[in-house]
Amino acid sequence: MPEGHTIHRQVVDQAPLLVGRAISVSSPGGRWAHVAAAVDGRVLRTLEAHGKHLFYVFDHRRVLHVHLGLAGRLRHHGPAAGPTRPDPPRRDTALRLETPELTVDLSTPRTCEVIDAVTQGRVIARLGPDPIAADDDRDLAGRLATYRGPVGTALLDQAVIAGIGNVYRAEILFLCGIHPERPASSLSPSECDVLWATTSRLLRAGVDDGGRIITVDRREAAADRRRTYVYGRRRCARCGSVIRRWDVGGRTAWACESCQPAWTGPGWTGPGWTGPAPTGSGELSP
DNA sequence: ATACCATGAACAG
DNA sequence: TGTTCCTGGTATC
């Protein structure tokens, strides 16, 4: 499940075994041979993550840039000589990275390219702050104050915060008690502070949990083994109300409208808005 | 066996 | 705003 925590987890797992070593890079499927050739045999200097983007920085100042998208995956294999010798690469493997200690297979990435440091800087400059790496929210309140659209859309905008995906969006807004359709600009500075702190806490926990997304408090949800409060659920793990799922910002929002009451202030156009006086016959249009 | 939906985001218009 | 790409898990036949 490639949200930002997945990528940071890859850094935690890969960096100790790859940084400082020459990496053999190949493209088993052949489609990415030009990418493999550009970094094959080079020594890895650093491995960096920002949001959902992963950067392998090599000694000749070339940078392998990977974004998994929806279907991309990174699979690890043990050393060729050890008990967990790597499987033969799957046909869809874009790149295989190998050292004596670790083999990493990248399959069906959204982005797989070799760039320079300037381009890497541009990619990162397009992104908002990464709540796993950064302690500073870089004025999240200011960005939300001028954001035109619901907070549920803003949280998936990687220029606002880098690394949130649809699962975390649902869980963050639940834990903050914020309705997904509230105008982003209606959040108070203190709500923005809580939003950032919650985001940072959840994503960091996701890294520590090995990339799994576990947001529930074990005491609160002791009765079942689900890992979320609202995402993927029929009923709220806290109050039992039926979860509503509908489109917000082009993705499915999941929310408990008891725990996340609808906003009825300025800008709200959802249920409860009386609107202009009805005209015509009063019948609903087909 | 087959259909559908999903953790993402670029692109067209 | 809608279309498109990719794989994999789950549901349905």
Side-chain angles (χ1 to χ4, degrees), chain A residues 1-11 27-32 35 49-55 65-76 87-96 104-113 115 119-120 122-128 130-132 147-150 152-175 180-181 199 202-216 225-234 243-255 269:
Chain A
M1 303 188 179
E3 301 192 26
H5 69 302
T6 308
I7 303 309
H8 281 267
R9 182 68 203 191
Q10 288 292 329
V11 172
S27 175
R31 179 180 165 190
W32 305 92
V35 172
H50 194 108
K52 301 169 185 172
H53 296 256
L54 184 58
F55 302 97
H65 173 213
V66 170
H67 189 294
L68 295 179
L70 185 60
R73 287 192 64 172
L74 284 159
R75 295 178 176 84
H76 292 202
D87 303 325
R90 303 155 52 94
R91 212 180 306 277
D92 63 10
T93 300
L95 291 182
R96 168 165 277 196
V104 178
D105 282 352
L106 167 67
S107 63
T108 62
R110 183 82 178 71
T111 302
C112 176
E113 61 180 1
I115 57 179
T119 307
Q120 180 192 6
R122 275 196 219 109
V123 172
I124 293 173
R126 288 203 314 262
L127 302 169
D130 181 328
I132 296 173
Y147 194 93
R148 308 176 75 80
T153 302
L155 288 191
L156 290 182
D157 184 339
Q158 301 299 299
V160 173
I161 299 177
I164 298 175
N166 203 29
V167 179
Y168 278 121
R169 168 175 78 162
E171 298 295 297
I172 290 163
L173 288 174
F174 173 84
L175 284 165
E181 284 181 312
T199 301
L202 288 192
L203 267 68
R204 287 176 179 176
V207 177
D208 293 342
D209 288 332
R212 287 181 304 171
I213 300 177
I214 305 171
T215 63
V216 295
R225 57 171 64 101
R226 298 293 207 90
R227 297 178 176 145
T228 57
Y229 284 104
V230 292
Y231 180 86
R233 302 186 60 117
R234 203 173 75 79
I243 297 300
R244 179 181 171 208
R245 39 173 307 185
W246 76 107
D247 188 285
V248 174
R251 312 293 304 283
T252 302
W254 305 69
T269 57

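Residue numbers start from 1 in every chain, and the chains themselves are labelled A, B, ... in the order their sequence lines are given, proteins ahead of strands.
- Side chain to side chain, A:E181 and A:W246 meet the donor-acceptor criterion of an N or O pair below 3.5 Å.
- Backbone-only contact: A:Y231 has heavy atoms under 4.0 Å from sugar-phosphate atoms and none from a base.
- A donor-acceptor contact closer than 3.5 angstrom links the side chains of A:H8 and A:D130.
- A:R245 comes within 4.0 angstrom of the backbone, heavy atoms only, and of no base.
- B:dG8 atom C1' lies 13 Å from atom CD1 of A:I213, rounded to whole Å.
- Checking each of A:R90, A:R73, A:R96 against A:D105 for a side chain to side chain donor-acceptor pair (under 3.5 Å) leaves exactly one that passes, namely A:R96.
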Using a cut-off of 4.0 Å between protein heavy atoms and nucleotide atoms, how would you tag nucleotides 4-11 of chain C 5' to 3' with B, S and -?
--BSS---
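- Between the CG atom of A:L155 and the P atom of B:dA9 there is a distance of 13 Å, rounded to whole Å.
- Rounded to whole Å, the distance from CG on A:N166 to P on B:dA9 is 11 Å.
- At the phosphate of B:dA9, OP1 or OP2 sits under 4.0 Å from a side-chain N or O atom of A:Q158.
- Atom pair A:I7:CD1 and B:dA9:P shows a separation of 10 Å (rounding to whole Å applied).
- Straight-line distance from the CZ atom of A:R251 to the P atom of B:dA9: 8 Å, rounded to whole Å.
- Under the 30°/60° scheme for interplanar angles, the aromatic rings of A:Y229 and A:F174 are found to lie parallel.
- In this model, a donor atom of one side chain and an acceptor atom of the other lie less than 3.5 Å apart for A:H76 and A:Q10.
- As a whole-Å value, the separation of A:E3 CD from B:dA6 P is 14 Å.
- Rounding to whole angstrom units, CG of residue A:D247 and P of C:dT1 are separated by 10 Å.
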